[in-house]
Amino acid sequence: DVFMIIGPNTDDSGLPVNFLFGPTNIPLISGNVATSALSNSTKFPSFFRTIPSDYTLSLAMVQTFLLFNWNWIG
């Protein structure tokens, strides 16, 4: 029996692996896939990540810049 799958490690392989194992409802846990395409929990209910998606990370960065009233980033 398979309880969960750990991986994939790249954004390029995230979607294909999800389409392969998603219908089986085997949890797929990734520590490196950051693409926001997999953030739809209705479409990918068994996908979990340990890092924020690219969208969430960029939103947090913008909110930080606005909070500190920064007008330049280097």
Side-chain angles (χ1 to χ4, degrees):
D1 290 338
V2 176
F3 295 106
M4 77 173 121
I5 298 169
I6 298 179
N9 291 328
T10 64
D11 284 345
D12 292 339
S13 59
L15 282 171
V17 170
N18 258 289
F19 284 124
L20 182 64
F21 292 105
T24 64
N25 286 325
I26 296 172
L28 180 61
I29 302 171
S30 175
N32 295 327
V33 174
T35 180
S36 58
L38 293 168
S39 294
N40 185 341
S41 60
T42 304
K43 196 172 183 181
F44 304 103
S46 60
F47 176 76
F48 304 94
R49 68 175 96 229
T50 60
I51 61 170
S53 70
D54 290 336
Y55 175 78
T56 302
L57 185 58
S58 62
L59 185 62
M61 290 169 49
V62 168
Q63 289 175 343
T64 301
F65 302 151
L66 293 174
L67 176 70
F68 290 108
N69 226 4
W70 293 342
N71 58 17
W72 186 85
I73 303 164

Trainee: Check R49 against I51 and note the closest heavy-atom contact, atom names and distance.
Mentor: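 That would be CD-O, 2.7 Å.
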
Trainee: What is the minimum heavy-atom distance between S53 and T35, and which atoms define it?
Mentor: CB-O, 4.5 Å

Trainee: If you link ILVMFWY side chains whenever their heavy atoms are less than 4.5 Å apart, which other residues fall into the same cluster as L59? By chain and number, please.
Mentor: Y55

Trainee: Does T56 reach the main-chain N or O of P52 with its side chain, forming a donor-acceptor pair under 3.5 Å?
Mentor: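 No, T56 side chain to P52 backbone: no donor-acceptor pair under 3.5 Å.
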
Trainee: Within a strict 4.5 Å, meaning less than it, do heavy atoms of the D11 and D54 side chains meet?
Mentor: yes

Trainee: What I want to check is whether the side chains of S36 and S39 have a donor and an acceptor closer together than 3.5 Å.
Mentor: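 The criterion, which ignores hydrogens and geometry beyond distance, is not satisfied for S39 and S36.
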
Trainee: Could you pull out all residues at least two apart from N9 that satisfy side chain to side chain contact (heavy atoms under 4.5 Å, CB included)?
Mentor: N32

Trainee: CG of L38 to OG of S30: how many Å apart, nearest 0.5 Å?
Mentor: 8.5 Å

Trainee: In the hydrophobic clustering (ILVMFWY, side-chain contacts below 4.5 Å, transitive), which residues join I73, or is it alone?
Mentor: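 L57, M61, F65, L67, F68, W70, which link up through side-chain heavy atoms under 4.5 Å apart, make up the rest of the cluster.
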
Trainee: Can you see which heavy atom on P45 is nearest to which on N25, and at what distance?
Mentor: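 Closest pair (atom of P45, atom of N25, distance): CG-OD1, 4.5 Å.
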
Trainee: Report the distance from atom CZ of F47 to atom CG of L15, rounding to the nearest 0.5 Å.
Mentor: 9.0 Å

Trainee: For F48, what are the other residues in its hydrophobic cluster, where any two members join if their side-chain heavy atoms are less than 4.5 angstrom apart?
Mentor: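 Members other than F48 - counting any ILVMFWY side chain reachable under 4.5 Å - are M4, I6, I29.
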
Trainee: Any side-chain heavy atom of P8 within less than 4.5 Å of one from V33?
Mentor: yes

Trainee: Using the test side chain to side chain contact (heavy atoms under 4.5 Å, CB included), find all partners of F21 that sit at least two apart in sequence or belong to another chain.
Mentor: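 With sequence neighbours excluded, F21 shows a side chain to side chain contact (heavy atoms under 4.5 Å, CB included) to I5, V17, T24, given in chain and number order.
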
Trainee: My understanding is that only residues two or more places apart in sequence, or in another chain, count here; which of them pass ring-ring contact (aromatic ring centres under 6.0 Å, His included) with F19?
Mentor: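 Expected list: F44.
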
